[in-house]
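To keep things clear, I will list the structure first and then write my remarks on it.
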Amino acid sequence: MKKVKVYITLKESVLDPQGQAVAGAMHHLGYQEVKDVRIGKFIELEIDSEEEIDDKIRAICEKLLANTVIENYRYEIEEGVPQ
Amino acid sequence: MKTAVIAFPGSNCDSDMYYAIRDGLEQEVDYVWHQETSLDGYDAIMIPGGFSYGDYLRSGAIARFSNIMPAVIAAAAAGKPILGVCNGFQILLEAGLLPGAMLRNKGLKFICRHVDLEVMNNTTLFSSLYDKGETISIPVAHGEGNYYCDAETLTKLEAENRIVFKYKNNPNGSAADIAGIINERGNVLGMMPHPERATEALLGSAHGLRLFQSILKHWRESHATLTS
């Protein structure tokens, strides 16, 4: 069993109104040094196969988890997850 | 003309769409559940608004892989009229039948009110009964209707006259004020405003009815050509 962590973020070119609202709230709290906030998604998968695992994760991300018109994705495969 | 209204778990404008076709257009209409796999015998396909699969992950992202979608894609390839409204538009984007994607509304608010649209192209099978440049009042009801596409796609949409409706006062930050776009072939229209909620004066506007009447006119004309 492998644990996979997938991070999905809006592309640089895409405006993030949610992130802007949260940045505004941080400024309101007095944290003027916060220059930018971008909100994304974090998804954990457990995959019961190591065979072609990178190809599988990429396919899952591109078909379903990320909309590549507006989003980028990256992932990490956690080693040594207890069975 | 026989029309299918696709119903997903979480659709909530399927009854409005059904009513618009049955009572507004006075044509035969069926609900087709998302688990079905065939759309044989239908002349037009409507993908209604709502929150299919709770909008989990992204609006339309899960509905796009439901059992009925290969039949929708095949109907698009066969040239049948396909209308996606609101969540239906989002599903068509996720399915790649139309270009671009939807972002959260610029003001972050869910917007539910009548808006004025400008008819940009009245040469499509969905808009032939409108005048070019006409202003029509149609309600919107969405939280993610901020249409986004890259600059190259936007140039292409504009050059090919594929922006059918624009907002007169952009409510959501949508690129180039886009409210509705059509595919290259001209048989798949996606729009955020709800024409099915504007089919009679009692609903606040009857401006949406002509969209459905345009589809029927097209069907009658193409049917007449085939049988004569």
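Below, chains carry the letters A, B, ... as their sequence lines are ordered, and counting in each starts from 1.
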Ranked by heavy-atom pairs below 4.5 Å to chain A, first place among B:M102, B:K106, B:E94, B:R104 goes to B:R104
Please work out which of the three classes, parallel, tilted or perpendicular, describes the rings of B:H34 and B:F8, given edges at 30° and 60°. tilted
Between A:Y7 and A:Y75, does the ring-ring contact (aromatic ring centres under 6.0 Å, His included) criterion hold? Intermediate values first, please. CA-CA 6 Å; A:Y7 303 85; A:Y75 63 89; 9.7 Å; no
A:E71 versus chain B, heavy atoms under 4.5 Å apart: side chain, backbone, both or neither? side chain
Go through the steps to decide whether B:E184 and B:K156 satisfy the test salt bridge (charged side-chain N to carboxylate O under 4.0 Å, His left out), and finish with yes or no. CA-CA 10 Å; B:E184 229 158 28; B:K156 194 165 187 264; 2.6 Å; yes
With a 4.5 angstrom heavy-atom cut-off, is it the side chain or the backbone of B:D150 that approaches chain A, or both, or neither? neither
Engaged part of B:L57 at the chain A interface, taking heavy atoms whose separation is under 4.5 Å: both
Rounded distance [0.5 Å steps], CG in A:L10 versus CG in A:N72: 9.0 Å
